[in-house]
J.: 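Below are the structure tokens for one structure; questions will follow.
Keep in mind that this is a model prediction, so the values were computed, not measured.
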Amino acid sequence: MTPPANWQKSSFSGGGDGNNCIELATTPTTLHLRESETPTTHLTPTPTALAALLHGIRSRTLTVGRVNHHG
């Protein structure tokens with residue numbers, strides 16, 4: 001898969017050219033997320049997973065490091 005070329009920096013990352021930000025890019029079928037400090041590593045979440053992540057961040061209910069095991 002060819003990585004997207006249209007990365008956009010989060011408005012919450014502040015101004016400037018620092019490497020402390022989250023970037024988003026889209027292709028016709030996929031969303032891509034990456035941290036600017038490691039631009040070659042990116043995530044391609046499903047819309048449902050991204051919506052859950054954003055909801056957890058906005059509602060402050062996201063628990064970092066929590067792992068859910070089913071079964």
J.: Calculate, to the nearest 0.5 Å, the distance between atoms CG and CG belonging to Leu24 and Asn6 respectively.
T.: 8.5 Å

J.: Who passes side-chain contact (heavy atoms from CB on, under 4.5 Å) against Thr48, sequence neighbours left out?
T.: Thr46

J.: Look up atom CG in Leu33 and atom CG in Leu31, then write down how far apart they are to the nearest 0.5 Å.
T.: 7.0 Å

J.: Where is the tightest heavy-atom contact between His32 and Pro4, given as atom of each residue plus distance?
T.: CD2-CG, 3.5 Å

J.: Can a salt bridge be assigned to the pair Glu23 and Lys9 using a cut-off of 4.0 Å between side-chain N and carboxylate O?
T.: no

J.: For Thr38, enumerate each residue passing the side-chain contact (heavy atoms from CB on, under 4.5 Å) test, keeping only those at least two apart in sequence or located in another chain.
T.: Glu35, Thr41

J.: Distance-only check: which donor-acceptor pairs under 3.5 Å involve side-chain atoms of residues 51-59, not counting sequence neighbours?
T.:
| unit_1 | atom_1 | unit_2 | atom_2 | d |
| --- | --- | --- | --- | --- |
| Ser59 | OG | His55 | O | 2.8 |
| Ser59 | OG | Thr61 | OG1 | 2.8 |

